[in-house]
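The structure appears right after this line, and notes come after that.
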Amino acid sequence: MEVHGVVPDVIDVTPPSIAEIHYGSLKLELGNVLTPTQVKDPPTYISWPTEEGALYTLLMTDPDAPTRSNATFREMLHWRVVNIPGTDIANGDTLTEYVGSGAPQGTGLHRYIFLVYKQPGRVVFDVPRVSNRSRVGRRNFKARQFAAEYNLGSAVAGNFYQAEYDDYVPKLHEQLKG
(Lines give C-alpha, C1' and ligand atoms only; values in the text may rest on other atoms or scores of the structure.)
Protein backbone atom coordinates (compact mmCIF):
# COMPACT_ATOMS: atom_id res chain seq x y z
CA MET A 1 0.00 0.00 0.00
CA GLU A 2 2.99 2.27 0.47
CA VAL A 3 4.05 1.83 -3.16
CA HIS A 4 0.77 3.35 -4.38
CA GLY A 5 0.61 6.01 -1.64
CA VAL A 6 -2.39 4.59 0.22
CA VAL A 7 -0.06 5.11 3.18
CA PRO A 8 0.01 8.08 3.92
CA ASP A 9 -2.83 9.46 1.73
CA VAL A 10 -5.58 7.49 3.49
CA ILE A 11 -4.11 5.59 6.44
CA ASP A 12 -0.97 5.83 8.57
CA VAL A 13 0.12 2.18 8.52
CA THR A 14 -0.40 -0.77 6.22
CA PRO A 15 -2.99 -3.20 7.62
CA PRO A 16 -1.47 -6.46 8.85
CA SER A 17 -3.76 -8.57 6.62
CA ILE A 18 -4.96 -8.45 3.04
CA ALA A 19 -8.72 -8.52 2.50
CA GLU A 20 -9.52 -11.01 -0.24
CA ILE A 21 -11.98 -9.33 -2.59
CA HIS A 22 -13.46 -10.62 -5.84
CA TYR A 23 -15.72 -9.11 -8.47
CA GLY A 24 -16.87 -12.34 -10.08
CA SER A 25 -13.73 -14.02 -11.39
CA LEU A 26 -11.66 -10.84 -10.95
CA LYS A 27 -9.56 -10.71 -7.78
CA LEU A 28 -8.08 -7.57 -6.24
CA GLU A 29 -4.29 -7.70 -6.19
CA LEU A 30 -3.17 -4.60 -4.25
CA GLY A 31 -3.49 -2.11 -7.05
CA ASN A 32 -4.38 -4.05 -10.17
CA VAL A 33 -6.37 -2.15 -12.78
CA LEU A 34 -10.06 -2.89 -13.28
CA THR A 35 -12.70 -0.98 -15.23
CA PRO A 36 -15.78 0.82 -13.87
CA THR A 37 -17.90 -1.63 -15.88
CA GLN A 38 -16.25 -4.58 -14.08
CA VAL A 39 -16.90 -3.08 -10.62
CA LYS A 40 -20.34 -1.50 -11.11
CA ASP A 41 -21.89 -4.01 -8.69
CA PRO A 42 -20.66 -4.81 -5.16
CA PRO A 43 -17.94 -7.42 -4.80
CA THR A 44 -19.16 -11.01 -4.99
CA TYR A 45 -16.71 -12.21 -2.33
CA ILE A 46 -14.96 -10.47 0.56
CA SER A 47 -13.02 -12.14 3.35
CA TRP A 48 -10.48 -11.18 6.00
CA PRO A 49 -9.10 -12.85 9.14
CA THR A 50 -11.66 -12.54 11.96
CA GLU A 51 -11.92 -13.14 15.67
CA GLU A 52 -14.82 -15.16 17.07
CA GLY A 53 -17.71 -12.88 18.05
CA ALA A 54 -16.04 -9.70 16.75
CA LEU A 55 -17.82 -7.01 14.75
CA TYR A 56 -16.18 -5.15 11.87
CA THR A 57 -16.52 -2.00 9.78
CA LEU A 58 -15.85 -2.04 6.03
CA LEU A 59 -15.06 1.17 4.15
CA MET A 60 -14.40 1.77 0.46
CA THR A 61 -13.00 5.15 -0.53
CA ASP A 62 -11.44 6.94 -3.50
CA PRO A 63 -8.73 9.36 -2.33
CA ASP A 64 -8.16 10.69 -5.86
CA ALA A 65 -11.22 12.85 -6.44
CA PRO A 66 -11.33 14.70 -8.69
CA THR A 67 -7.72 13.76 -9.66
CA ARG A 68 -4.80 12.21 -7.84
CA SER A 69 -2.71 15.35 -8.25
CA ASN A 70 -5.57 17.66 -7.22
CA ALA A 71 -7.54 15.63 -4.69
CA THR A 72 -9.73 18.46 -3.37
CA PHE A 73 -12.57 16.01 -2.59
CA ARG A 74 -10.27 13.48 -0.84
CA GLU A 75 -11.78 11.03 -0.01
CA MET A 76 -14.93 10.04 -1.89
CA LEU A 77 -16.85 7.44 0.13
CA HIS A 78 -18.09 4.56 -2.01
CA TRP A 79 -19.33 2.09 0.61
CA ARG A 80 -19.68 1.87 4.40
CA VAL A 81 -20.97 -1.17 6.27
CA VAL A 82 -20.70 -1.39 10.07
CA ASN A 83 -21.41 -3.90 12.83
CA ILE A 84 -20.51 -6.77 10.49
CA PRO A 85 -20.46 -10.11 12.33
CA GLY A 86 -17.22 -11.72 11.12
CA THR A 87 -17.22 -11.36 7.32
CA ASP A 88 -21.01 -11.60 6.96
CA ILE A 89 -21.51 -8.24 5.24
CA ALA A 90 -25.16 -9.03 4.45
CA ASN A 91 -25.87 -9.03 8.19
CA GLY A 92 -24.00 -5.80 8.83
CA ASP A 93 -25.60 -2.38 8.87
CA THR A 94 -25.14 -0.57 5.55
CA LEU A 95 -24.81 3.15 6.24
CA THR A 96 -23.60 4.13 2.77
CA GLU A 97 -24.75 1.97 -0.13
CA TYR A 98 -22.19 0.73 -2.65
CA VAL A 99 -21.37 2.71 -5.75
CA GLY A 100 -18.68 1.56 -8.15
CA SER A 101 -15.88 3.52 -9.72
CA GLY A 102 -16.78 6.82 -11.32
CA ALA A 103 -13.54 8.53 -12.27
CA PRO A 104 -14.40 11.45 -14.57
CA GLN A 105 -13.05 11.38 -18.11
CA GLY A 106 -9.47 12.60 -18.39
CA THR A 107 -8.63 12.24 -14.68
CA GLY A 108 -6.45 9.14 -15.01
CA LEU A 109 -6.29 6.21 -12.64
CA HIS A 110 -8.01 6.51 -9.27
CA ARG A 111 -7.30 4.22 -6.30
CA TYR A 112 -10.30 2.48 -4.72
CA ILE A 113 -9.37 1.42 -1.22
CA PHE A 114 -11.11 -1.19 0.94
CA LEU A 115 -10.36 -0.96 4.67
CA VAL A 116 -11.59 -3.27 7.42
CA TYR A 117 -11.61 -2.22 11.08
CA LYS A 118 -12.28 -4.40 14.12
CA GLN A 119 -14.84 -2.61 16.28
CA PRO A 120 -14.53 -2.46 20.08
CA GLY A 121 -18.07 -3.95 20.22
CA ARG A 122 -21.44 -2.97 18.76
CA VAL A 123 -21.24 0.71 17.86
CA VAL A 124 -24.00 3.23 17.29
CA PHE A 125 -22.82 5.31 14.33
CA ASP A 126 -24.28 8.80 14.27
CA VAL A 127 -24.19 9.30 10.51
CA PRO A 128 -26.97 9.63 7.93
CA ARG A 129 -27.76 6.69 5.67
CA VAL A 130 -26.81 7.31 2.05
CA SER A 131 -28.44 5.51 -0.87
CA ASN A 132 -26.66 4.47 -4.03
CA ARG A 133 -28.56 7.26 -5.80
CA SER A 134 -27.04 10.08 -3.77
CA ARG A 135 -23.73 11.92 -3.43
CA VAL A 136 -24.74 13.37 -0.05
CA GLY A 137 -22.07 12.69 2.58
CA ARG A 138 -19.68 11.04 0.13
CA ARG A 139 -17.27 13.91 -0.70
CA ASN A 140 -14.44 14.81 1.66
CA PHE A 141 -14.92 11.69 3.78
CA LYS A 142 -11.83 10.83 5.84
CA ALA A 143 -11.31 7.17 6.76
CA ARG A 144 -8.63 8.16 9.29
CA GLN A 145 -10.97 10.65 11.01
CA PHE A 146 -13.95 8.25 10.96
CA ALA A 147 -11.84 5.49 12.55
CA ALA A 148 -10.64 7.88 15.26
CA GLU A 149 -14.12 9.23 15.99
CA TYR A 150 -15.52 5.74 16.60
CA ASN A 151 -12.43 4.26 18.32
CA LEU A 152 -11.80 1.75 15.55
CA GLY A 153 -8.01 1.91 15.76
CA SER A 154 -5.96 1.00 12.71
CA ALA A 155 -7.34 -1.07 9.86
CA VAL A 156 -6.88 -4.82 10.37
CA ALA A 157 -7.18 -5.65 6.66
CA GLY A 158 -7.24 -3.85 3.36
CA ASN A 159 -6.90 -4.08 -0.39
CA PHE A 160 -7.42 -1.85 -3.40
CA TYR A 161 -7.68 -1.62 -7.14
CA GLN A 162 -7.23 1.20 -9.63
CA ALA A 163 -9.68 2.31 -12.31
CA GLU A 164 -10.18 5.13 -14.76
CA TYR A 165 -13.03 6.35 -16.92
CA ASP A 166 -14.94 4.02 -19.22
CA ASP A 167 -18.38 4.17 -20.88
CA TYR A 168 -20.17 3.10 -17.68
CA VAL A 169 -19.16 6.24 -15.74
CA PRO A 170 -21.84 8.59 -17.22
CA LYS A 171 -24.52 6.07 -16.15
CA LEU A 172 -23.16 6.07 -12.58
CA HIS A 173 -23.04 9.87 -12.46
CA GLU A 174 -26.64 10.01 -13.67
CA GLN A 175 -27.67 7.49 -10.99
CA LEU A 176 -26.04 9.66 -8.30
CA LYS A 177 -28.20 12.62 -9.27
CA GLY A 178 -31.00 10.76 -7.46
Side-chain angles (χ1 to χ4, degrees), residues 1-51 54-65 67-68 71 73-82 84-92 94-104 107-119 130 132 138 141-144 146-147 152-169 171-172 175-176:
M1 290 197 162
E2 290 93 349
V3 170
H4 290 279
V6 175
V7 175
D9 289 351
V10 179
I11 53 178
D12 296 322
V13 295
T14 299
S17 297
I18 295 173
E20 185 175 348
I21 302 171
H22 298 206
Y23 286 91
S25 63
L26 303 169
K27 181 179 178 183
L28 269 60
E29 300 283 355
L30 293 174
N32 54 326
V33 176
L34 301 176
T35 69
T37 300
Q38 292 170 320
V39 299
K40 66 186 176 88
D41 297 314
T44 53
Y45 178 80
I46 302 180
S47 184
W48 60 84
T50 62
E51 292 180 19
L55 297 173
Y56 295 87
T57 289
L58 172 68
L59 302 175
M60 177 188 175
T61 73
D62 169 7
D64 303 325
T67 68
R68 190 164 179 179
F73 299 143
R74 177 170 291 163
E75 301 152 44
M76 185 72 75
L77 180 61
H78 282 255
W79 199 18
R80 175 171 44 193
V81 185
V82 301
I84 302 167
T87 59
D88 188 0
I89 294 167
N91 282 311
T94 301
L95 299 180
T96 305
E97 292 182 346
Y98 179 90
V99 293
S101 301
T107 62
L109 286 172
H110 287 228
R111 298 164 292 172
Y112 294 88
I113 320 291
F114 289 85
L115 297 170
V116 177
Y117 295 87
K118 182 182 170 207
Q119 297 177 194
V130 180
N132 63 3
R138 293 182 185 272
F141 177 81
K142 305 281 188 258
R144 187 183 282 114
F146 181 80
L152 302 178
S154 296
V156 297
N159 207 333
F160 72 104
Y161 66 90
Q162 300 179 84
E164 62 186 326
Y165 180 90
D166 79 358
D167 291 340
Y168 171 72
V169 172
K171 294 175 186 150
L172 176 61
Q175 171 188 316
L176 287 170

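Counting from 1, the numbers follow the sequence of the chain as shown.
- Between Glu51 and Lys118, at least one side-chain N (NZ, or NE/NH1/NH2) sits under 4.0 Å from a carboxylate O, which counts as a salt bridge.
- Taking every heavy atom of both residues into account, Leu115 and Pro15 meet most closely at CD2-CG, 4.4 Å.
- Between the side chain of Ser17 and the main chain of Ala157, no donor-acceptor pair closer than 3.5 Å is present.
- Of the possible donor and acceptor atoms, none in the side chain of Gln162 sits under 3.5 Å from a partner among the backbone N and O of Leu34.
- A side-chain donor from one of Thr57 and Gln119 sits under 3.5 Å from a side-chain acceptor of the other.
- Contact annotation: the side chain of Tyr117 approaches that of Leu59 to within less than 4.5 Å [non-hydrogen atoms, C-beta and beyond].
- Between the side chain of Glu75 and the backbone N or O of Asp64, no donor-acceptor pair lies under 3.5 Å.
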Legend entry - Verdict with supporting geometry, Val39 and Tyr98, side chain to side chain contact (heavy atoms under 4.5 Å, CB included): CA-CA 10 Å; Val39 299; Tyr98 179 90; 3.9 Å; yes
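- Side chains of Thr14 and Glu2: a donor-acceptor N/O pair is present below 3.5 angstrom, by distance only.
- Aromatic ring centroids of Phe160 and His4 lie under 6.0 Å apart.
- From Glu20, atom CD reaches atom NZ of Lys27 across 4.5 Å, with rounding to the nearest 0.5 Å.
- Glu97 places a side-chain N or O within 3.5 Å of a backbone atom of Asn132 that can act as its donor or acceptor partner.
- Distance alone, capped at 3.5 Å, places no donor-acceptor pair between the Asn159 side chain and the Phe114 backbone.
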Inset, instruction - Show your reasoning for whether side chain to side chain donor-acceptor pair (under 3.5 Å) applies to Tyr161 and Ser101. - result: CA-CA 10 Å; Tyr161 66 90; Ser101 301; 2.6 Å; yes
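- At a threshold of 4.5 Å between non-hydrogen side-chain atoms, the residues Pro104 and Glu164 do not count as touching.
- Using a cutoff of 4.0 Å between basic side-chain nitrogens and carboxylate oxygens, Arg111 and Asp62 are not scored as salt-bridged.
- For the residue pair Pro49 and Tyr56, the shortest heavy atom distance occurs at O-OH, 4.1 Å.
- One N or O on the side chain of Arg144 and one on the backbone of Pro8 form a donor-acceptor pair closer than 3.5 Å.
- Of the possible donor and acceptor atoms, none in the side chain of His22 sits under 3.5 Å from a partner among the backbone N and O of Tyr45.
- Inter-residue side-chain proximity for Asp9 and Arg74 is flagged as met; some heavy-atom pair is nearer than 4.5 Å.
- The two residues Ala103 and Gly108 have their closest heavy-atom pair at CB-O, 4.3 Å.
- Proximity of Ile46 to Thr87: side-chain heavy atoms (C-beta onward) are nowhere separated by under 4.5 Å.
- Across all their heavy atoms, Gly92 and Pro85 have their closest contact at N-CD, 4.1 Å.
- In this structure, Val99 and Gln175 have side chains that are in contact, with non-hydrogen atoms separated by less than 4.5 Å.
- Minimum heavy-atom separation, Val13 to Ser154: CG2-OG, 3.9 Å.
- Side-chain contact between Tyr112 and Leu28: absent, with no pair of heavy atoms (C-beta onward) separated by less than 4.5 Å.
- Put simply, the side chain of Ile84 does not reach to within 4.5 Å of the side chain of Leu55, judged on heavy atoms.
- The main-chain N or O of Leu77 is found under 3.5 Å from a side-chain atom of Arg138 such that the two form a donor-acceptor pair.
- The backbone N or O of Met60 sits nowhere less than 3.5 Å from a side-chain atom of His78 that would complete a donor-acceptor pair.
- Closest heavy-atom contact between Met1 and Gly158: CE-C, 3.5 Å.
- Geometric assessment of Arg80 against the ring of Phe146 yields a positive cation-pi assignment under the 6.0 Å and 45° thresholds.
- Only one option out of Val130, Thr61, Ile89 pairs with Trp79 in a side-chain contact (heavy atoms from CB on, under 4.5 Å); it is Ile89.
- Counting only heavy atoms from C-beta outward, the side chains of Val81 and Leu95 never approach each other to under 4.5 Å.
- At least one donor-acceptor pair under 3.5 Å links the side chain of Asn32 to the backbone N or O of Glu29.
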